[in-house]
Amino acid sequence: MCAERGWMGAVLVVDDEPSIRQLVGRWLRDAGHSYAEAESADAAMAVMASQPVSVVFCDIQMPGHDGLWLTRQLREHYPATAVVLATGVTTVPPNVSMQSGVLAYLVKPFRRETLLEALAQALKWHERAAAGEVRLQDAAALDRWLDDLGSQ
């Protein structure tokens, strides 16, 4: 399988809390999706190096490298991988573009239906990005927002 297109339809669940990874994984499996788990941003990059996925679902706040760092790494090394971030922050600036590859910001606690809706959007975006139908080069608005969020 082409590495740029990823492990088709698969999701990488990245969270430092095993219970969150297990719950999200069960929801994904029950909905018919393949998934892998990683307990840290560094572990997520190792998974991506061996078997890229279509979508990364990631908590923003984790020990070590956080989800913001991981998002930047994914944009640089796997630009067609869609990202869904989970956060406790309730507002997301409107200037963050879908072109960045961050398709949704789920506010914890979120519902199964909310996750699956975000995943459906992310998979569609990934397909378009992998086919070259989405511009991937300018993520300045995302970078500014991630910088601001990371400094809080």
Side-chain angles (χ1 to χ4, degrees), residues 1-18 20-21 24-25 27-28 33-108 110 114-152:
M1 178 166 305
C2 175
E4 182 60 23
R5 291 185 62 91
W7 184 26
M8 292 306 293
V11 180
L12 176 58
V13 179
V14 186
D15 199 299
D16 60 315
E17 294 189 38
I20 299 292
R21 291 194 312 270
V24 170
W27 288 348
L28 294 171
H33 296 284
S34 299
Y35 74 97
E37 297 179 13
E39 71 280 354
S40 69
D42 291 321
M45 288 303 292
V47 169
M48 291 296 290
S50 66
Q51 193 168 34
V53 298
S54 301
V55 179
V56 172
F57 170 83
C58 182
D59 187 21
I60 290 179
Q61 293 191 338
M62 296 182 292
H65 290 118
D66 61 16
L68 307 177
W69 177 87
L70 179 58
T71 298
R72 288 188 186 97
Q73 296 303 305
L74 293 168
R75 292 288 55 80
E76 181 178 339
H77 300 288
Y78 306 94
T81 298
V83 178
V84 174
L85 294 175
T87 179
V89 178
T90 58
T91 58
V92 177
N95 64 343
V96 176
S97 166
M98 281 183 54
Q99 293 178 1
S100 67
V102 177
L103 274 289
Y105 301 87
L106 304 184
V107 178
K108 292 180 178 181
F110 50 85
T114 305
L115 172 69
L116 295 178
E117 288 170 11
L119 176 60
Q121 292 175 354
L123 287 168
K124 287 178 188 173
W125 185 92
H126 166 75
E127 286 299 315
R128 291 181 59 218
E133 298 173 14
V134 177
R135 258 190 36 216
L136 298 171
Q137 66 252 23
D138 184 16
L142 173 67
D143 288 340
R144 283 191 301 277
W145 182 75
L146 293 175
D147 287 341
D148 291 344
L149 189 59
S151 65
Q152 294 178 359

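Annotation: salt bridge (charged side-chain N to carboxylate O under 4.0 Å, His left out) contacts of E39 (sequence neighbours excluded): none. Under the ring pair (Phe, Tyr, Trp, His ring centres under 6.0 Å) criterion, W27 pairs with no residue at all, not counting sequence neighbours. Partners of D59 under the side chain to side chain donor-acceptor pair (under 3.5 Å) rule, at least two apart in sequence or in another chain, are K108. Contacts of K124 classified as side-chain contact (heavy atoms from CB on, under 4.5 Å), with partners at least two apart in sequence or in another chain: none. In this structure, Q121 has no side-chain contact (heavy atoms from CB on, under 4.5 Å) partners at least two apart in sequence or on a different chain. The side-chain contact (heavy atoms from CB on, under 4.5 Å) search around P63 returns D16, not counting sequence neighbours. Take A118 and apply the side-chain contact (heavy atoms from CB on, under 4.5 Å) test, not counting sequence neighbours, and it matches V84, A104, L106.
In terms of heavy atoms, A82 sits closest to A122 at CB-O, 3.4 Å. Minimum heavy-atom separation, A44 to V14: CB-CG2, 3.6 Å. Minimum interatomic distance between P79 and W125 (heavy atoms only, all atoms of both residues): O-CH2, 3.5 Å. The two residues A36 and V47 make their nearest non-hydrogen contact at CB-CG1, 4.4 Å.
Distance check, rounded to the nearest 0.5 Å: NE2 of H65 to CG of L70 gives 10.0 Å. Considering CE of M45 and CH2 of W69, their distance stands at 6.0 Å, rounded to 0.5 Å. From L85, atom CG reaches atom OG1 of T71 across 4.0 Å, with rounding to the nearest 0.5 Å. Put simply, CG on L12 and CZ on F57 are 11.0 Å apart, with the number rounded to the nearest 0.5 Å. Taking CD1 from I60 and CG from D66, the interatomic distance works out to 8.0 Å, rounded to the nearest 0.5 Å.
The side-chain heavy atoms of Y78 and V83, taken from C-beta on, include no pair separated by under 4.5 Å. Within the 4.5 Å cutoff, no side-chain heavy atoms of V55 are placed close to those of H33. Contact check for Q73 versus M48: no side-chain heavy atoms found under the 4.5 Å cut-off. Residues V11 and L119 are in side-chain contact: their nearest non-hydrogen atoms beyond the backbone lie under 4.5 Å apart.
By the neighbour-count criterion of 12 heavy atoms within 6.0 Å, atom CD of E37 is densely surrounded, having more than that number from other residues, nucleotides or ligands.
Between the R72 side chain and the G67 main chain, no donor and acceptor come within less than 3.5 Å of each other. Between the side chain of S54 and the backbone N or O of E127 there is no donor-acceptor pair closer than 3.5 Å.
Among residue pairs with one or both ends in residues 78-87, none qualify as salt bridge (Lys or Arg N to Asp or Glu O under 4.0 Å); sequence neighbours excluded.
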